[in-house]
Amino acid sequence: MEYGHLGRTGLLVSKLCLGTMNFGPQTTEDDSFAIMDRAHDLGINFFDSANVYGWKKGEGITENIIGRWFAQGGGRREKTVIATKLYGSMGDWPNEEKLSALNIRRAAEASLRRMQTDYIDVYQAHHIDRDTPFEEFWEAMDILKQQGKILYVGSSNFAGWHIAKAQESARRRNTLGLVSEQSHYNLLVRAPELEVIPACEDYGLGLIPWSPLAGGLLGGILRKIDKGRSADDRIVAQLDKHRDKVEAYEAFCDELGEDPANVGLAWLLHQRAVTAPIIGPRTVEQLDGTLRALEIKLDDKALARLDEIFPGFRTAPEEYAW
């Protein structure tokens with residue numbers, strides 16, 4: 001396994017981050033345990049979750065599964081850099097969502113209980129909260145850090161200017177600020193190249209791309225359908241929209257002799273500011289298959305071809321102005 005620093009920090013994390021969103025809704029607890037154990041066997045030390053995962057309001061199903069896995073001991077917690085998120089609604093009463101100081105405190109305590117740990121390595125805002133000033137956000141996060149309940153703070157789904165505003169607010173408090181941004185970024189979704197990635201580079205945030213395979217569109221979807229495997233209606237609708245690109249992409253992957261899923265992950269690992277794409281295996285076998293992405297080296301010609309198939313963006317404002 002390869003490791004890199006999370007943004008400008010001294011924290012070393014694996015170049016692939018294990019996403020746990022499937023744990024509970026699509027992957028049984030026993031299989032989830034097996035995937036996490038296998039991840040450690042492979043050297044993956046970076047796991048990502050969220051308090052809303054499991055998708056039953058207030059239950060924190062996925063975090064509970066992680067907690068019961070940690071409780072088995074054997075160094076599981078000590079070997080894991082655990083990142084989780086807050087923002088989504090965890091109840092029907094006021095202040096059970098978003099980023100108020102009250103919800104930050106309550107949500108952190110609840111995540112700690114569910115995951116059966118006394119600290120969270122990277123505590124992330126799952127979305128920008130336009131109703132809460134960053135002064136309030138940072139005061140609440142700083143208290144958690146002082147109490148030893150969280151070590152680092154990250155963001156998710158922030159625009160470039162949100163990152164700048166957050167960092168300047170933290171700078172006025174003489175604190176570290178954000179160390180990572182979790183963005184929707186893949187060959188099909190390249191908007192972060194306009195301003196999010198430049199902001200991450202300038203402020204020293206590690207980029208953690210979510211949905212690196214565009215919900216499966218970049219994972220060899222045409223081959224799977226040809227073999228009789230079904231796809232949900234949402235993916236079929238997206239495939240209809242992007243079929244020409246996906247066909248060209250899978251043909252190019254055939255030329256490379258590589259699985260499309262691994263090429264999509266490898267491409268992200270070649271991009272600026274990226275620390276680790278989030279992989280979401282449903283089985284141990286799928287997890288094992290992702291390791292090939294670390295070995296694929298895309299030369300300039302291959303990267304140029306992928307840019308032809310999936311055009312990206314230059315940094316703003318040059319993308320749309322001189």
Side-chain angles (χ1 to χ4, degrees), residues 3-14 16-21 23-24 32-33 36-37 39-40 43-54 58-88 90 96 98-126 136-156 166 170 173-182 204-206 208 275-276 278:
Y3 301 89
H5 291 284
L6 181 59
R8 67 195 184 284
T9 74
L11 182 67
L12 287 172
V13 296
S14 49
L16 294 174
C17 178
L18 179 67
T20 62
M21 190 172 67
F23 295 177
S32 299
F33 283 12
M36 289 186 281
D37 283 334
H40 274 183
I44 296 173
N45 73 333
F46 194 19
F47 294 9
D48 176 72
S49 192
N51 59 359
V52 294
Y53 288 173
E59 294 190 20
I61 291 171
T62 301
E63 285 187 335
N64 276 308
I65 290 173
I66 293 170
R68 288 189 287 271
W69 181 73
F70 281 155
Q72 294 180 96
R76 287 175 171 82
R77 176 63 187 97
E78 293 76 11
K79 294 176 182 177
T80 303
V81 174
I82 185 68
T84 195
K85 300 182 285 292
L86 82 151
Y87 176 90
M90 293 296 284
E96 292 188 280
K98 299 190 175 179
L99 302 178
S100 69
L102 178 58
N103 190 50
I104 287 173
R105 175 177 175 171
R106 288 176 173 172
E109 297 284 0
S111 286
L112 290 168
R113 286 193 300 271
R114 285 190 291 266
M115 294 194 294
Q116 302 188 47
T117 183
D118 55 4
Y119 69 99
I120 295 164
D121 295 281
V122 186
Y123 200 37
Q124 303 161 111
H126 210 160
E136 178 179 352
F137 172 82
W138 283 124
E139 183 171 82
M141 289 296 187
D142 289 345
I143 289 171
L144 290 176
K145 290 175 76 172
Q146 292 161 10
Q147 293 172 335
K149 294 176 180 177
I150 67 173
L151 300 183
Y152 301 96
V153 179
S155 59
S156 181
R173 299 175 63 87
N174 294 313
T175 58
L176 186 62
L178 300 173
V179 304
S180 61
E181 158 61 19
Q182 194 175 127
L205 278 66
I208 311 168
T275 295
I278 298 173

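With sequence neighbours excluded, the residues satisfying salt bridge (charged side-chain N to carboxylate O under 4.0 Å, His left out) with Glu109 are Lys149. Looking at residues two or more places apart in sequence or on another chain, you find a salt bridge (charged side-chain N to carboxylate O under 4.0 Å, His left out) between Arg68 and Glu29. Every residue was checked against the salt bridge (charged side-chain N to carboxylate O under 4.0 Å, His left out) condition with Lys145, not counting sequence neighbours, and none meets it. Arg173 meets the salt bridge (charged side-chain N to carboxylate O under 4.0 Å, His left out) test with Asp142; sequence neighbours excluded. Applying the ring-ring contact (aromatic ring centres under 6.0 Å, His included) rule to His40 yields the partners Phe47, Trp69; only residues at least two apart in sequence or on another chain are considered. Scanning for side-chain hydrogen bond (donor to acceptor under 3.5 Å, both in side chains) contacts around Arg76 gives Asp37, with sequence neighbours left out.
Proximity of Met115 to Ile120: side-chain heavy atoms (C-beta onward) are separated by under 4.5 Å at one or more points. Contact of the Met141 side chain with the Ile150 side chain is registered, since non-hydrogen atoms from C-beta on lie closer than 4.5 Å. Side-chain contact between Leu99 and Tyr87: present, with at least one pair of heavy atoms (C-beta onward) separated by less than 4.5 Å. Taking the side chain as every heavy atom from C-beta outward, Arg8 and Leu205 approach each other to under 4.5 Å. Looking at Met36 and Ile66, their side chains come closer than 4.5 Å, going by heavy atoms from C-beta outward. Contact of the Trp138 side chain with the Val153 side chain is registered, since non-hydrogen atoms from C-beta on lie closer than 4.5 Å.
Here the side chain of Asp121 pairs a donor or acceptor atom with the backbone of Ile82 at under 3.5 angstrom. Judged by distance alone, with hydrogens and angles left aside, the side-chain atoms of Gln124 form no donor-acceptor pair with the main-chain N or O of Ser155 at under 3.5 Å. Of the possible polar contacts, none joining the Tyr152 side chain to the Leu176 backbone as a donor-acceptor pair under 3.5 Å is found. A donor-acceptor distance shorter than 3.5 angstrom exists from the side chain of Asn45 to the backbone of Leu12, with no hydrogens or angles considered. A donor-acceptor pair is defined here as one N or O able to donate and one able to accept, closer than 3.5 Å; no such pair exists between the side chain of Lys85 and the backbone of Tyr123. Between the side chain of Thr275 and the main chain of Ile208, no donor-acceptor pair closer than 3.5 Å is present.
Across every non-hydrogen atom of Glu181 and Ser156, the tightest pair is OE1-N, 3.4 Å. When all heavy atoms of Ala39 and Leu18 are compared, the pair lying nearest together is CB-CD2, 4.0 Å. Heavy-atom minimum distance, Ala276 versus Ser14: CB-O, 3.4 Å. The two residues Val122 and Ser180 come nearest to each other via the heavy atoms CG1-OG, 3.9 Å. What you find for Ala107 and Leu86 is that their closest heavy atoms are CB-CD1, 3.8 Å. Here the closest non-hydrogen pair linking Leu178 and Ala166 is CD1-CB, 3.8 Å.
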Mind running side chain to side chain contact (heavy atoms under 4.5 Å, CB included) on Phe46 and Leu11 for me, showing each step along the way? CA-CA 11 Å; Phe46 194 19; Leu11 182 67; over 6 Å; no
Please assess Ser111 against Glu63 for the test side-chain hydrogen bond (donor to acceptor under 3.5 Å, both in side chains), listing each intermediate value before the final yes or no. CA-CA 7 Å; Ser111 286; Glu63 285 187 335; 2.9 Å; yes
Decide yes or no on side chain to side chain contact (heavy atoms under 4.5 Å, CB included) for Phe33 and Ile65, but give the supporting numbers first. CA-CA 8 Å; Phe33 283 12; Ile65 290 173; 3.9 Å; yes
Walk me through it: do Met90 and Asn103 pass the test side chain to side chain contact (heavy atoms under 4.5 Å, CB included)? CA-CA 10 Å; Met90 293 296 284; Asn103 190 50; over 6 Å; no
Apply side-chain hydrogen bond (donor to acceptor under 3.5 Å, both in side chains) to Thr20 and Ser49, showing your working. CA-CA 6 Å; Thr20 62; Ser49 192; 3.2 Å; yes
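Asn64 CG to Arg113 CZ: the interatomic distance, rounded to the nearest 0.5 Å, is 10.5 Å. For the atom pair CG of Asn51 and NE2 of His126, the computed distance is 8.5 Å after rounding to the nearest 0.5 Å.
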